[in-house]
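Just so it is clear, the model here is predicted, and its values are computed rather than measured.
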Amino acid sequence: MSRLQPEDGREEGRRGALRAGSIDRHVGARIRERRLMLGLSQQQLADAIGVTYQQAHKYERGLNRIAAGRLYEMAQVLGVPISWFFDGMGPGREPAPMTQRQRLCLEVARNFAHISNERHQVALSQMARALAEAEARGE
């Protein structure tokens, strides 16, 4: 049988069964991005929404579809509105894989949020600003 791609981004395979498509991959990438931003492991996310680690992994990869109720639970656990998962979606747009730089930025933000000492936060911010300014000057 030939493959069809309906307008909603899903892919249809043999026997008419719908498989996860680009929208599911985009939502999964956004789940992973937010989870990393919060410093949660896949296991912690899975426990919080009542699924197995394997299921959470499949959601993040876009291999399994997420029911509306489950997506609502994820939004609550991750502290975002449901619409956040769809930000950046557009017709025919595939989610871009997270770059090493984006991963590092998320890691810095996550670690910064765990620093409770305000003086240390200010010092780290000033150091980052000084490094960025030196780089801009070509030093």
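Distance check, rounded to the nearest 0.5 Å: NE2 of H120 to OG of S125 gives 14.0 Å. Note that the CD1 atom of I31 and the CG atom of L40 stand 12.5 Å from one another [nearest 0.5 Å]. Atom CD of E73 and atom CD1 of I82 lie 10.5 Å apart (nearest 0.5 Å). Note: Q55 CD to E60 CD = 11.5 Å, rounded to the nearest 0.5 Å. Here NE2 of H57 is found 10.5 Å from CG of N64. Values are rounded to the nearest 0.5 Å. Between the CD atom of Q44 and the OG atom of S41 there is a distance of 3.5 Å, given to the nearest 0.5 Å.
Sparse packing is recorded around OH of Y72, with 12 or fewer heavy atoms of other residues, nucleotides or ligands lying under 6.0 Å away. Under a cut-off of 6.0 angstrom, the local environment of CZ in R119 is sparse, with at most 12 non-hydrogen atoms contributed by other residues, nucleotides or ligands. The local environment of CD in E118 is sparse, with at most 12 non-hydrogen atoms from other residues, nucleotides or ligands closer than 6.0 Å. The neighbour count for R61 CZ, taken as heavy atoms of other residues, nucleotides or ligands under 6.0 Å away, does not exceed 12.
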| request: For the pair R70 and Y59, evaluate side chain to side chain contact (heavy atoms under 4.5 Å, CB included) and give the outcome as yes or no after the intermediate values. | output: CA-CA 10 Å; R70 182 78 67 213; Y59 286 152; 3.7 Å; yes

| task | Run the numbers on I23 and F86 for side chain to side chain contact (heavy atoms under 4.5 Å, CB included), then give the verdict. | result | CA-CA 8 Å; I23 293 172; F86 300 96; 4.1 Å; yes

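The heavy-atom pair separating M74 from I49 by the smallest distance is CE-CD1, 3.5 Å. The two residues A56 and Q42 make their nearest non-hydrogen contact at CB-O, 4.1 Å. Nearest heavy atoms, L78 versus R34: O-NE, 2.8 Å.
Here R30 pairs with E33, D87 under the salt bridge (charged side-chain N to carboxylate O under 4.0 Å, His left out) rule; sequence neighbours left out.
When side chains are defined from C-beta on, R32 counts as touching L36, because their heavy atoms get closer than 4.5 Å.
In the hydrophobic clustering of ILVMFWY residues, with side-chain heavy atoms under 4.5 Å counting as a link, V108 and L131 come out apart. Cluster annotation: M127 and F112 are assigned to the same hydrophobic cluster (Ile/Leu/Val/Met/Phe/Trp/Tyr, side-chain heavy-atom contacts under 4.5 Å, transitive).
Of the N and O atoms on the side chains of Y53 and Q43, not one donor lies less than 3.5 Å from an acceptor on the other residue.
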